[in-house]
Every structure is written in C-alpha cells, then in structure tokens.
Amino acid sequence: MSKQGLLIDYEYCSGCHSCEVACRKELGLSVGEWGIKIATIGPWQHDDESWEWNHIPIPTKLCDLCADRVAQGKKPACVHHCLAFCMEYGTVEELSKKMEEKGTKVFMVLP
Amino acid sequence: MSTPWKTGTDDDFVVRTTAWSAPGCHPVGCGVKLHIKDGKLVGVEGDEESPITHGRLCVRCLALDEYLYHPDRILYPMKRAKEDRGKDKFERITWDEAFDTIVDWVTKTREKYGYQGVAVMGGTGREATLFYPVLSYAVLQTPNCGTPLSGASCYGPRCTVTNYLMGAGYPEIDHAAYFPDRYDNPEFEVPEYIIIWGKTPLESNADGFFGHAITDMMKRGTKIITVDPRVTWLGSRAEYNLQVRPGTDAALGLAMINLIIEEDLYDHEFVENWTYGFDELKERVKEYTVERAADITWIPKEKIIAATRAFAKAKNASIQWGVAVDQMSNGLQMGQTILDLAALTGNIDNPGGITLAPKASLTGKWRYETIRWVNPELVQNRIGNDVYPANRSALTNLLADPYLEALETDQPYAVRLMWINSCNPYACPGAVPERWHDAFLRMDYVIVQEAFMTPAAMGLADLLLPVSTYPERDGIVLPHFGRNSPMVGAMNKVIAIGEAKSDFEICLTLGRRLNPEAWPWETVQEFLDFQLVPNAGFTFEELREKVYHQPHYEYYKYKKGLCRADREPGFETVTGLFELRSLQFEAWGDDPLPYFMEPQYSPNSTPELYEEFPLVLTTGGRKITSFHSEHRQIPSLREIDPWPIVQINPVDAEKYGIVDGGWVGIENQFGKCRQKAEVTPTIMPGVIHACHAWWYPEQDQTEPNQGGYKKSNINMLMPHFHVGPLYVGAPYKCLLCKVYPVQGLEE
C-alpha cells in the first residue's frame, strides 16, 4: 500500500491560515496546539527586484492526514478549506506526478 | 442534483447555508455546512457545492464556535440606569420590556424634540448595512441615519462616482460568479490583467467579492498589477507594483490616461460610440505627464509607463478599486480616473472586464425606498444638506462630520435619543474618537444593538439589544448589498442561543408598533417572499432548498438597451453615455473632469509640518483574522494576529530607532497611539502603514479604560472634517506623523 501525503503549491499559498484553524477544529485541539502551521520565507527582494515571499504550511506530529475524514470519502480539513486551493491529498505516486506537471514552487510532505 | 439543505435526524443534523455577519463580514455568502447536535454547533465545514467558494472557508467562519459561545456575547436584552453608563451594571430584561421602553422613549422624545430628535448610527458590512437605514426611516421615521466615518469614506464615494459616470451599480471584476460553471463558462474569458488598486482583496473579501477568486484567475493566466504603498503578498506575485505615495493616486490615474491617449492605446469603438467628453478629457490630462506623475507619486516613471502599456494593450483587463479611493479628499477624482481607464480601454461589461449591474436590487433597493416614510421636509433639511447639497441626491446617509457637531451643540436641532446598531463608533470608524464618545454621553437615552460587549456597549448603552449571528436567523445574503449580486444566498436558521434577534426581526416587531403602515408582514418569511417573488421569481422556502441562486449575466448590456430605464442603448446617465466629462459633478459645483489635489497634510502641501512629522501615515490595511474592530476576543484568531502592527521600511526604522517587534509611538498634530513594529521592505520608504480598529477586550471594559480603545486606535491621529469638495472622502489613508520607540502598550 502506497504512502499518502500532502502536496503544497507554494506559488499560491497566500498564508490565509485556514489550514491551521480547520485542522485545530477537526482534531479538537486547543489554542496553542497546531496540527499544521504556516512557516514564512521572506519577504525580501532579489537584485532583479522580484520578491521572495513564500508561505509554507507544515504538518506537525499531530497530523494524521484526517484519517477519519478520508475514510468518509472527504479531503483532509486543510485541503478542503484552503482558500487558495494550493493543497492536495494523495498517494506519493499521484502527488509526484502532479509535482512534475506543476514544475516549480511545489513540494510534497509526508507528516 | 444538489444535496438537500438539511440532512440527518432531529437532534443531529447538518444544514447547508450561506454566511453573512454576525460574525462580522461582508455579504460574500460563503457556503457553509453547520453540524448541529443536541441544539449545539459541533462542526463547521465549507460547502463544496457553493458556486462561489467551492468548499473553502476563511478562519472567521472556521472559528465560528468560539464566536457563538463566547462569554462576551450579548444574548439577552439588558438595561442599565443612565448614571451607571460605563459601569458593568446591566440587568437582564424581557424583549417585551425592551420594546415597551423603546416605544416610550421614542414617543416622549418626539413630543419634545420632534421626529428629528431620534437618530440611528449604523455599522458597516454586516446585515445592519441594509437594516439600519430601514430602522431609521421605516421604523423611527427620522432622517438622522448615518455612520461615524468622516467624509462617508467607505464604499459610498465609489458608488457615487460610478453612479455619476455610468449610472450603474458597483463595478466589480468579472470573476464569472454569475455562472454556475464559473471560469469554464464558454462566454467568460479570464482577464489578461487585473489592476488591484488600493485594496487587499484576499484579506478583505470586500462587499461581496470572494477575494481568492483572484488566485483562481491567476492560475488560469491572469497577471496582476498593484497600486499600493505596500507590496502585498499578491504584489509579490504581480508583474508590476506601483508603490504610490498615499493620497496621490489621482495624479497616477491622470498620467495613465494621458499616456493611453498619447500612444493611441484606447478603444476607439467604445470611446466614439459610448462616451461623452473625450476631447475635454484629452485636453485636461495633457497637464499630467508621466514625469510629473512620477514626481508627485514617488513611483518611478518607467514603471508607470510599462504597467500602463501592459494594461492598455491587453485583450481584456479589469480593475478592482479599494477603500483607498474613499479615504482621501481627492478620492472622487481618483475614482473618476480609474473608471475612465476602464472605459477608455473598453473594459466595461465585456468578458473578464468590469461587470455592469443595476444601481440597486432586492432589499438593497427597498432600504433606500423606505426614506418615503420620513417627512420630506426633514429629509431636505437633514444635517449637512445646507453645506453639501449633493448629499440630497447622492448619499442616503447624513454626514458624519456635521452630525457630530450637531450632537455636540444641539444645532441645527437637538438629537436626544441615539440608537447605535452594530457599530463601535469610537473604537473603530470615528475620526475623533474622544469627541464621539463625549457627544454620545450627551444623549438622554442610548440604545445599543450588538452581538458582543464593545466599548460602545459598555460605555453608553442604557438599553442593550442582542443581535443574532447567521446560524440563528433566516435571511438572504445579497453581495454588494444589491448593487451587483452574482448570487443570492439563503441564510437558514439552525440554532437558538439566548434570545438574540436579527436586525430585521427587531425592525419588524417595532415597526408594527410604531409605523404599522410600513410593516404589513407578520413574519420574516412573508417579508422575504415580498422581496423575492416579484423580483427573482421564487419564494424564500424555494431558495432555502437550493441555498444558492445565480441570476443570468448578459455581456454588453449597454449595446442592447439593457441598462437604461427607457430601454435605449447606452448608459443610465444624462447623456446616455459613459461620461468622461461628468455633468453631475458640474451640477454640484465640482470640476466635471478629473484633477489632482495634494492631501491636506503632505510633504508637498505642508513642508514645514513635514519637517516635524517626516513620515506619510496610511492606515487600515485588512487582516483576515478580524472584521474591523470585531474578533479581537476570539482565541484562535487573536493568536494569529495578537497585536496591532505598524509597518515601517528598514531604512526608516533605522533612522528612528525602531526595531522589529518593538512598541512604537505614532504621533502627529492631532494625537497619538501605540502599535507594534513590523520592519519590512514591503512598505515604501517614507511611508508607514498602521492597523485600524484596535482595542483590547481582555482589559477592563468599564470607564475610564473601556477596553483601552484609545491606546492603539490609529484614529486618534485623524482630523475632524477634512473632507472633499462634495463632502465625500476624508484622509484616513494620507496624513503625516512621526514615530519613536516606546517601552510597551501602556504609557
């Protein structure tokens, strides 16, 4: 059986925090506990004036990839609610293929 | 076949509904599935069948349980003796007692001071936006209906200029929201470029626009140009960022128009057939060379040229303007240039341009019509009308600045009964917070209608009325308040917490006692059917079942005789054309063509003051974790944005000794406050950006502290009555200030 993970398209992660709060509610966590949390790189400007500014949601050890939701045929809470639709759930094989199609500013995480 | 609106058992069920505040938000109508078990909300999930949001939700709806069941919510009517204002001495009463008391006070105030002795102060964005005018006009029959925002500087100015130039409702980006299949609809084309001008749509979701529709379209190829003193996250993905000195946007707009005409990049078909005043506009903009605009706006000349060409040469493009248009005294002209840019490039009512809609519809239209229940003489002589006659036709509210003076002086007449509906006047919009606070204290009786304990509720209320949240009421969500509604959503009541009532329910009950002729409906549903059946062709029950209704959108309506009441082609203006030269502006005594005017206080207009206050101050950029002054007490949201943030460029931070994360004193000739520094290269040098509407629910709420509403309130630095020539527009976004490090929040 293939392992499951999350694909993060950080070209589009706007740092809206929906994944964080959706996850907290799904797992019944308290304030201060996070099942996923956004890390931010930048903002800074390169010599060509382009900006490096990336938000990257990273699951914590509390993340079980929403096993209960997935068993009901739903997406994980973070993926479902992501305002930028920049997260996907799937097998490593599926997500690898999608990463290759996207080509840039994308990574996969296995919590 | 969509999922039924309600599934499950009597005590464990899920309801599909659409969201509109409270919790505070604009009428986007995000699709929500609420899981109720044994009468309690146990789960919130985005509704993937929503044609607008497709399952997505922002943190404010995701944290709905923390809002609904928060101990600071107001759940029952309460009274308090006038001498106990500011003290935590409320006493729970019944709704019957509350309504009887209101009728008594209205009656005796009218006897002594006339109908105009009663006033309503309303808040923004929430459902109250529709119903506080109705409360004022159809229930209390007073013309005194307004907000505390100086210069009516939110939304109204943009609606006014749109009305004058093109006789239409709100000009929103075409994001295919009218189509059930959205971006895949064969009639729709994604905009090649979108200019985001003075707005943060991802965070604000303003007025009914689902902000992340922008990222949806970027994935489909749309390129972004921003005009903003800050490079926002969206700006970091933009092709061009025009970092404009706050308050000088009209100069940029004029130069862009000039360049487009000079380089013959305009849409000849649209200009020749559908506009009025092109030659005069062409003459006017010649004064505004790109060099001059660069000098005024601090934007490099090359960037103005490149961005203008990219926008004008695009096959289709759109512009989204923000509240920045409203928050400067030159705002009407800034708005004029923006609409002119859309018109000159033919980007109106075309696929992927700017959508064109009627001026008002459904409850959004009805609320204006209720003015007929007020004595016309009182309406004509409304506070401020003598000085600003344009208000008689353009704005439905009275003017905040003269309103405040009237409350302070009893001139031109005394107001003695104040009803504050979903508004936090001195902790949020009021430009001179302490003056508003003191003016309200002069009232004989103050009613506050709110969902939460706020500084205004604790400080002023003699009677406190609880407002329901969206899961607690039936209603409809009307994006853009009916001025351009690609969707009508059902708000389905699922739960009762305490005895909170909706704004409409309060209006209905009281209306039937005070002005029964205006209130023929016995129930909320009867009223909703009265709105929906003749105008949309279905009942509320039918809408409830399907949750969402999207009306059809027809492109190029102006060519087909679908914009004017007489069904002739063209626009609903005096000339029947898009007015590049505005006859309305002229009629009200302003220049019919757009022009640039420096902010009242700026490096150029007050150079001596600028030596003492060497930074340009802009305010009010939105955070997704709050709606104006709301949500400061919601744990999951406050955790994300715990403090008010002032953004400062590293160059300026070094100059003034400011460190990232440190507390900063912000001060100018009008006042001061404290916020925490974010030292960031995203804000242009020479400008700082401060958050608005900060107060501290965790602090003592009683007088004199009142949640510390003065401590971080950036409006402590705002002036009174610094408005545009036709009244609208006040400089919330363009003042001067200085900054200095301080030890902490407390003095």
Side-chain angles (χ1 to χ4, degrees), chain A residues 9-38 40-46 49-56 66 68-69 72-88 101-102 104-106, chain B residues 30 32-33 35 42-48 53-66 200-203 205 210-216 218-219 230-241 300 303 623-625 634-641 650 678 680-683:
Chain A
D9 178 353
Y10 63 91
E11 182 178 358
Y12 288 105
C13 175
S14 63
C16 74
H17 302 279
S18 279
C19 57
E20 296 172 349
V21 179
C23 175
R24 173 174 294 161
K25 298 298 172 185
E26 179 63 26
L27 296 181
L29 305 177
S30 309
V31 169
E33 289 185 298
W34 309 84
I36 189 164
K37 196 160 185 344
I38 290 172
T40 298
I41 311 291
W44 68 73
Q45 208 168 9
H46 293 289
E49 292 203 352
S50 65
W51 287 87
E52 193 72 41
W53 191 354
N54 297 313
H55 300 295
I56 303 180
C66 283
D68 291 348
R69 286 178 60 93
Q72 293 169 45
K74 293 178 174 183
K75 294 172 185 166
C78 57
V79 175
H80 183 108
H81 292 101
C82 170
L83 288 181
F85 272 158
C86 71
M87 303 175 75
E88 287 188 55
E101 282 162 17
K102 174 78 188 0
T104 175
K105 294 193 108 172
V106 62
Chain B
C30 296
V32 187
K33 293 187 287 189
H35 184 179
V42 293
V44 177
E45 188 174 48
D47 182 5
E48 49 289 56
T53 48
H54 300 111
R56 296 171 275 186
L57 281 183
C58 93
V59 288
R60 302 206 299 280
C61 265
L62 288 166
L64 185 63
D65 60 328
E66 297 175 37
T200 53
L202 304 189
E203 293 84 357
N205 298 290
F210 175 62
H212 279 76
I214 301 281
T215 48
D216 290 350
M218 287 163 73
K219 290 179 189 174
R230 304 186 292 166
V231 173
T232 58
W233 175 85
L234 206 49
S236 74
R237 270 72 178 153
E239 196 150 309
Y240 302 99
N241 290 299
K303 282 196 180 177
K623 295 278 188 186
I624 205 161
T625 44
I634 306 303
S636 285
L637 306 179
R638 187 70 184 275
E639 186 183 26
I640 295 167
D641 285 308
E678 181 187 336
T680 171
T682 57
I683 179 86

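Quick caveat: nothing in here was measured; it's all calculated off a predicted structure. Hydrogens, waters and symmetry mates are skipped; everything else that's a heavy atom, side chains included, is used. Naming: A, B, ... by sequence-line order, numbering from 1 per chain.
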Does a salt bridge link A:Lys75 with B:Glu48, judged by any charged N lying under 4.0 Å from a carboxylate O? no
For A:Pro43, run the side-chain contact (heavy atoms from CB on, under 4.5 Å) check against B:Thr680, B:Val231, B:Thr232 and tell me which one passes. B:Thr680
Interface moiety of A:Lys105 toward chain B, non-hydrogen atoms closer than 4.5 Å: side chain
Below 4.5 Å from any heavy atom of chain B, which atoms of A:Glu26 appear? Answer side chain, backbone, both or neither. neither
Does any heavy atom of chain B fall under 4.5 Å from the side chain of A:Asp9, the backbone, both, or neither of them? neither
Within the structure provided, determine whether A:Arg69 and B:Glu45 are in side-chain contact (heavy-atom separation under 4.5 Å). yes
Selection from A:Gly15, A:Gly42, A:Gly32, A:Cys19 maximising heavy-atom pairs under 4.5 Å formed with chain B: A:Gly32
Going by side-chain contact (heavy atoms from CB on, under 4.5 Å), A:His17 matches just one of B:Ile640, B:Leu62, B:Asp641. Which one? B:Ile640
Under 4.5 Å heavy-atom distance to chain B, tell me which part of A:Cys16 shows up: side chain, backbone, both or neither. both
With rounding to the nearest 0.5 angstrom, report the CZ to CZ distance, B:Arg56 to A:Phe85. 4.0 Å
Is any side-chain heavy atom of B:Leu57 less than 4.5 Å from a side-chain heavy atom of A:Ser18? no
Is A:Lys25 paired with B:Glu66 through a side-chain N to carboxylate O contact shorter than 4.0 Å? yes
Give the minimum heavy-atom separation between A:Trp53 and B:Trp233, together with the two atoms involved. CZ3-N, 3.4 Å
Using a 4.5 Å cut-off on heavy atoms from C-beta on, say whether the side chain of A:Trp51 contacts that of B:Thr682. yes
Roughly how far, to the nearest 0.5 Å, is the NE2 atom of B:His212 from the SG atom of A:Cys82? 7.5 Å
Using heavy-atom distances under 4.5 Å, tell me whether A:Cys13 contacts chain B through its side chain, its backbone, both, or neither. backbone
Is B:Lys219 close to chain A through its backbone or its side chain, or both, or neither, when contacts mean heavy atoms under 4.5 Å? both
Tell me, for A:Glu52 versus chain B, whether the close heavy atoms (under 4.5 Å) come from the side chain, the backbone, both or neither. neither
Part of B:Thr625 within contact of chain A (heavy atom distance under 4.5 Å): neither
Please identify, among B:Asp216, B:Asp65, B:Thr53, the residue contributing the most non-hydrogen atom pairs under 4.5 Å to chain A. B:Asp65
What's the separation between atom CZ in B:Arg237 and atom OG in A:Ser50, rounded to the nearest 0.5 Å? 10.5 Å
Please check if the number of heavy atoms outside A:Glu101 that lie under 6.0 Å from its CD is greater than 12. yes
